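Reading through the structure tokens given below for one structure.
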Amino acid sequence: MERELISKKELLDATGISYGQLYRWKRKGLIPEEWFIRKAVFTGQETFFPKELILARIDKVLNLKDDLSLDELASRLVNGPIDAELGKDGMIERNIVSLISAQRYMNRDEAGTMYPFDRMLKLFTVDMLLRAGEMGLEEGDVLLAALEEHYPKFNGEPCDLVFTRKMGMASFVLVTATSALYFDEGVKMVRRLSMQEAAEQLKSKLQ
């Protein structure tokens, strides 16, 4: 499975932004370098972007740029985790996790435990898939363990969570954001989720 791409020309036409804006936002870190994908075409080389990710990012920038500077936008959207901690009750109140998720995945923690951003992101991601009805609670245990073990290995670089099923068995994989994936017959992709987009959604709940 390969992410759907959009060419630079198509992107500028679809969003109404200029070439200069696009590359200024790139310099500010609002659009990751990894999203600028050079591909050979019959006219030579052309730049493409992951369509879903770039359109969502540009929409956010356009909606916020009148109220925030580009540096403030970069801090809000992409510049790593924010310095925030919440306890279980605070996470429920801010709708970061549902009561069911809190009871399932946080009850083993000591009373009064405070959760840093990275831990909140993993719980938020699991809860997101549960709320969507795409997996069960036991599969959430497997996903949370996978995120705990492998997500730190990306050191903040953009990555995607890929959730598949084959013969009723769930599998979770973390890959770089622009990776193409090819599955054997019988594998159904349930969801490909940008962890960077999940982090941005979590930040919006914390700010």
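Because the structure is predicted, anything quoted here is derived from the model rather than measured. Values reported hereafter were calculated over all heavy atoms of this structure, with side chains retained and with hydrogens, waters and symmetry mates removed.
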Check whether any side-chain heavy atom of W25 sits under 4.5 Å from a side-chain heavy atom of L70, and report yes or no.
yes

List in chain and number order the residues that pass salt bridge (Lys or Arg N to Asp or Glu O under 4.0 Å) with K188, two or more places apart in sequence or in another chain; answer none if no residue qualifies.
none

Atom CG of D141 and atom CD of E139: how far apart are they, to the nearest 0.5 Å?
10.0 Å

Starting from M135, can I reach M169 by hopping between I/L/V/M/F/W/Y residues whose side chains sit under 4.5 Å apart?
no

Quick check: do L11 and I58 have side-chain heavy atoms less than 4.5 Å from each other?
yes

CG of D59 to CD1 of I54: how many Å apart, nearest 0.5 Å?
11.5 Å

As a quick check of understanding, evaluate side chain to side chain contact (heavy atoms under 4.5 Å, CB included) for F163 and R192, giving each step before the final call.
CA-CA 6 Å; F163 173 21; R192 180 168 183 162; over 6 Å; no

Show the nearest heavy-atom pair for residues T125 and A198, with the distance to one decimal.
OG1-CB, 4.1 Å

Between D184 and K166, does the salt bridge (Lys or Arg N to Asp or Glu O under 4.0 Å) criterion hold? Intermediate values first, please.
CA-CA 10 Å; D184 59 294; K166 183 173 183 179; 2.4 Å; yes

Do you know which two heavy atoms are closest between L206 and R94, and how far apart they sit?
O-NH1, 3.1 Å

Side chains of T176 and F154: closer than 4.5 Å at any heavy-atom pair?
yes

Please assess K65 against L62 for the test side chain to side chain contact (heavy atoms under 4.5 Å, CB included), listing each intermediate value before the final yes or no.
CA-CA 6 Å; K65 70 181 182 65; L62 290 173; 3.8 Å; yes

Residues K9, D13: salt bridge by 4.0 Å N-O rule:
yes

Less than 4.5 Å apart, side chain to side chain, heavy atoms only: is that true for V142 and S171?
no

Hey, could you give me the CD1/CD1 distance between I37 and I6, rounded to the nearest 0.5 Å?
12.0 Å

Checking E197 against S194: is there a side-chain donor and acceptor pair closer than 3.5 Å?
no

Using a 4.5 Å cut-off on heavy atoms from C-beta on, say whether the side chain of R131 contacts that of N95.
yes

Worked verdict on V61 versus L73 for side chain to side chain contact (heavy atoms under 4.5 Å, CB included)
CA-CA 7 Å; V61 174; L73 271 171; 4.0 Å; yes

Quick one about Y115 and D109 (side-chain donor to acceptor, distance below 3.5 Å, no hydrogens or angles considered), yes or no?
yes

For A84 and M120, the nearest pair of non-hydrogen atoms, with its separation, is O-CE, 3.6 Å

Heavy-atom side-chain proximity of V162 to V190 below 4.5 angstrom:
no

Determine whether more than 12 heavy atoms belonging to other residues, nucleotides or ligands lie under 6.0 Å from atom CD1 of I100.
no

At their closest point, which heavy atom of E85 faces which heavy atom of P116, and how far apart are they?
CG-CA, 4.0 Å

For E72 and D67, work out which heavy atoms get closest and say how close.
OE1-O, 4.5 Å

Path from M114 to M91 over hydrophobic side-chain contacts below 4.5 Å:
no

Min side-chain heavy-atom separation P32-Q196 under 4.5 Å:
yes

Distance, nearest 0.5 Å, that separates CD of E134 from CG of L143
11.5 Å

Looking at R108, I'd like to know if its CZ atom is crowded, meaning that more than 12 non-hydrogen atoms belonging to other residues, nucleotides or ligands lie closer than 6.0 Å.
no

Look at the side-chain heavy atoms of Ile, Leu, Val, Met, Phe, Trp and Tyr, link any pair under 4.5 Å apart, and say whether M167 and M189 land in one connected group.
no

Only counting residues at least two apart or in another chain, list the ones meeting side-chain contact (heavy atoms from CB on, under 4.5 Å) with F36.
L22, Y23, K26, I31, T47, F49

Over 12 foreign heavy atoms within 6.0 Å of CD, Q45
yes

Less than 4.5 Å apart, any side-chain heavy atom of L144 and any of L123?
yes

As an exercise, state the distance from CD of Q103 to CG of L137, rounded to the nearest 0.5 Å.
10.0 Å

From E149 atom CD to L174 atom CG, the distance as rounded to the nearest 0.5 Å
10.0 Å

How close do S98 and D127 get, counting heavy atoms only, and between which atoms?
OG-OD1, 2.7 Å

Could you go step by step and tell me if L193 and M128 meet the side chain to side chain contact (heavy atoms under 4.5 Å, CB included) rule?
CA-CA 10 Å; L193 174 68; M128 190 187 310; 4.0 Å; yes

